[in-house]
There are 2 protein chains.
Amino acid sequence: MGVTIKQIAELAGVSRGTVDRAIHGRGDVNPETKEKIERVMRETGYRPNAVAKALKAAQNPVTLDVLVPSSPFYADLLRGVRAAEEFYAHYGVRLRVAERFELNGASQAAMLRKLSEEHTDGIIMAALDVPAVREAVSCAAEKVPVITCNSDLTGVKRLCFVGQDHFAAGRASGTLMGKMLPQGGEVAVVPGSRDMLAHMQRAAGFRQALQEQGEYELLLDVRETGESDKRAYEVVKELLDSRKNLAGICMTGGGQAGAGAALADSGRAGEIRLACYDTLPGTVEHIKNGTADYTIAQDPFLQGCLPVKLMYEYLALGKEPGRERIFTRIDIRVKDNVEDQEYDMFTGEDR
Amino acid sequence: MGVTIKQIAELAGVSRGTVDRAIHGRGDVNPETKEKIERVMRETGYRPNAVAKALKAAQNPVTLDVLVPSSPFYADLLRGVRAAEEFYAHYGVRLRVAERFELNGASQAAMLRKLSEEHTDGIIMAALDVPAVREAVSCAAEKVPVITCNSDLTGVKRLCFVGQDHFAAGRASGTLMGKMLPQGGEVAVVPGSRDMLAHMQRAAGFRQALQEQGEYELLLDVRETGESDKRAYEVVKELLDSRKNLAGICMTGGGQAGAGAALADSGRAGEIRLACYDTLPGTVEHIKNGTADYTIAQDPFLQGCLPVKLMYEYLALGKEPGRERIFTRIDIRVKDNVEDQEYDMFTGEDR
DNA sequence: TTGAAAGCGGTACCAT
DNA sequence: ATGGTACCGCTTTCAA
């Protein structure tokens, strides 16, 4: 199997307790003894047994707070959180998932302050990157580790971020759009919210990649859709009515189902390319029926379960995440794979 | 944390040994006692602790044989195998990865026969679906569980298959090609090998999806490329020379780097769409420089590590895979994400 | 400074 | 048919 602490102890002529102390630097160990133990470890290639470690670690349970808005947008991410919760139940990890956590700066900041009164061992959150939240998180991060998921916070000392590189995702979308419109043409970039960094980064990446491929007339001063399908319907309808030469539309997020509906109602679906992001049910529907051409997802499930894993390893095993940002994949979906489920390594179920 | 066997035993007024026997049906247990234990388990919602189970199970190590050709095509799959090996080292799983396992029926059958002389607890293999291999595997499968990965065997009682749904992947490629050639045109399907079921399925899916989108003239009687880049270069050059109206090429596998080179040399790269499969280095290169438009990968890493997980769970925990086929994802890559690495849940490294 | 021993949850063997 | 106990590898406490 592998070398155990017991074997190291025997080879070094000491007890298991001493080896443990030497490894972790807790308690006093005679320098010579330590030297010898380390030599034996090196020679035998000792690797700690993570299973045994986990069994032991479960004796000191940790409580993690999960602050993720419970909107449909985060449904898949929350499924990832639940899967990780199930998996880590026997590892002494307890999750407290906030109900009614809202996508609103003041509410989030208040929530964080309330949290600091109870005991928590770590915070996992999808936060709004606004001053009030940044400040509250900075304060919390002084005491406990914070991992951001899906959306990051700028200038805050969080342990790690798990989410998409939106600029790169935007580029991938722009590359596809360019290949679908080889002859150039008018392409509109429809903003969700100009306050959302993610949306702006997607737009920037899209433009950059598209313009590398040819002459396109980009329409950038389109009205924001917000999160509203109704609003998006109007915005896109207006666009379709006013631009008879429109060849492509890139949504940056928010109201994509409404945009699809407007395109379908105009009778120009299939003729005008429609690019989306993520896999909200309405978006998926438009991909399936051909109104939208492709969508770029970001593995929200992983954005939910990976932070739990990272937090467990940090708290229970003392292992830092390797990187400060972990990007989830740029997941291009068309009609034929938009509904595909993937095998999940945690639960063994579909995701 | 959770209910333990010890607690169940106390509540039922018996010993832990009895509870264990009642759960697993080994040894004799008084029906009344069993009834009572089961009731307590139901009421408390007992869930066995997988960590403790694993620690114990490591006492009875298992040896798995991995028969995967060591060609570049399987490099990523083998990296997955290695990652799983590392992860499961402490679970009492030992892997024996065959060196010089070849993509050749007679050789594979011989290998399997040799294997049956040594002791093995399970076989993981990427096999050729030809009679000699089928027969040898059928024979081996009588004694030990067999999991196929990447390529399946027809009519063999293997435990499970982990790989891509090639027809669906072909469809996705056809859908993309159609969107990139909205005005129709001549599209060639270049076969790798007509003996490879995967290649034929890709071709069939591609045709189906493409034809749903418009009028295309499909060129289907193209010569096979085999696995040879040189051959593929010739085949594609011939195609380019003879078909001045060619608008798209779909490779089904094998020699894709050669095909890209031929297209690049012809000076018509960018003008003619080129669709590929998988992410061999040569293919990736052509995607990056724009000669090829997209490639469809199949998560080879998962095809390597998942079989090890399934085999461990089957042998050590007595858990059957949920499905007979587990499809890995249809992973569309363009220039901007073709080199992306993903976080791997097993090793915590990139893959 | 070091050793001995108990315990995490589950399994397996030996006694009874 | 059932109970008691030892063990997996690691950590932690208590005693020396």
Side-chain angles (χ1 to χ4, degrees), chain A residues 1-37 41 44-62 88-93 313 315-319, chain B residues 1-38 41 44-62 88-93 312-313 315-319:
Chain A
M1 266 247 313
V3 194
T4 70
I5 278 207
K6 194 176 159 192
Q7 293 171 317
I8 301 289
E10 280 164 13
L11 289 170
V14 295
S15 77
R16 300 146 78 195
T18 306
V19 175
D20 186 68
R21 282 187 296 267
I23 294 175
H24 300 101
R26 36 185 167 236
D28 294 316
V29 179
N30 184 311
E32 287 172 32
T33 318
K34 185 167 178 181
E35 187 68 31
K36 181 161 190 186
I37 290 171
M41 288 203 306
T44 55
Y46 170 75
R47 306 277 316 258
N49 184 324
V51 179
K53 254 190 146 102
L55 187 62
K56 180 67 190 177
Q59 283 181 75
N60 306 313
V62 295
Y88 281 109
H90 294 298
Y91 289 70
V93 175
E313 292 184 340
L315 294 171
L317 311 180
K319 201 169 114 194
Chain B
M1 264 247 313
V3 194
T4 70
I5 278 209
K6 194 177 159 191
Q7 293 171 315
I8 301 288
E10 280 164 13
L11 289 170
V14 294
S15 75
R16 299 149 76 196
T18 307
V19 175
D20 186 65
R21 281 186 298 266
I23 294 175
H24 299 99
R26 38 186 168 230
D28 294 316
V29 179
N30 184 311
E32 287 172 33
T33 318
K34 185 167 177 181
E35 187 67 30
K36 182 162 191 185
I37 290 171
E38 280 170 351
M41 289 203 306
T44 55
Y46 170 75
R47 307 276 317 257
N49 184 325
V51 180
K53 256 190 146 99
L55 186 62
K56 178 67 187 178
Q59 283 182 79
N60 306 314
V62 294
Y88 281 110
H90 294 299
Y91 288 71
V93 175
Y312 166 75
E313 291 185 339
L315 294 170
L317 311 180
K319 202 169 113 193

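Hydrogens, waters and symmetry mates play no part in the numbers below; they use all other heavy atoms, side chains included. Lettering of chains follows the sequences in order, A, B, ..., and the numbering in each one begins at 1.
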Look at the side-chain N and O atoms of [X] and state whether any lies under 4.0 Å from the OP1 or OP2 oxygen of [N].
X: A:K53; N: D:dT11; answer: yes
X: A:H24; N: D:dT11; answer: yes
X: A:T4; N: D:dG9; answer: no
X: B:T33; N: D:dT2; answer: yes
X: B:R16; N: C:dG10; answer: no
X: A:T18; N: C:dG3; answer: yes
X: B:Y46; N: C:dG10; answer: yes

Give every donor-acceptor pair under 3.5 Å between a side-chain atom in residues 52-59 of chain A and any protein atom, sequence neighbours left out.
none

Over how many whole Å does the gap from [X] atom [atom1] to [N] atom [atom2] extend?
X: A:K6; N: C:dA5; atom1: NZ; atom2: P; answer: 13 Å
X: A:H90; N: C:dG10; atom1: NE2; atom2: C1'; answer: 12 Å
X: A:L317; N: D:dT11; atom1: CG; atom2: C1'; answer: 13 Å
X: B:E10; N: C:dG9; atom1: CD; atom2: C1'; answer: 13 Å
X: A:N60; N: D:dT12; atom1: CG; atom2: P; answer: 7 Å
X: B:D20; N: D:dC8; atom1: CG; atom2: P; answer: 18 Å
X: A:I37; N: C:dG3; atom1: CD1; atom2: P; answer: 8 Å
X: B:Y91; N: D:dC10; atom1: OH; atom2: C1'; answer: 15 Å

Of B:V29 and B:L55, the one whose closest DNA chain D nucleotide lies more 5': B:V29

Earlier contact from the 5' end, DNA chain D, for B:S15 and B:A52: B:S15

Pick base, sugar-phosphate or nothing for [X], based on heavy-atom distances below 4.0 Å to the nucleic acid.
X: B:R21; value: base
X: B:D28; value: base
X: A:N30; value: sugar-phosphate
X: A:V51; value: nothing

B:K36 and B:V14: CA distance, side-chain angles, deciding distance, side chain to side chain contact (heavy atoms under 4.5 Å, CB included) verdict: CA-CA 10 Å; B:K36 182 162 191 185; B:V14 294; over 6 Å; no

Gap separating the CD1 atom of A:I37 from the CG atom of A:D20, nearest 0.5 angstrom: 10.0 Å

Distance (rounded to the nearest 0.5 Å) between B:N30 CG and B:E35 CD: 10.5 Å

Non-hydrogen atoms of B:V3 and B:Y46 that approach each other most closely: O-CD1, 3.5 Å

Under 3.5 Å donor-acceptor, A:Q7 side chain and A:T4 backbone: yes

Closest-nucleotide 5' rank along DNA chain C - winner of A:K56 and A:P31: A:P31

Shortest side-chain distance from B:V14, nucleotide among C:dG3, D:dG3, D:dG9: D:dG3

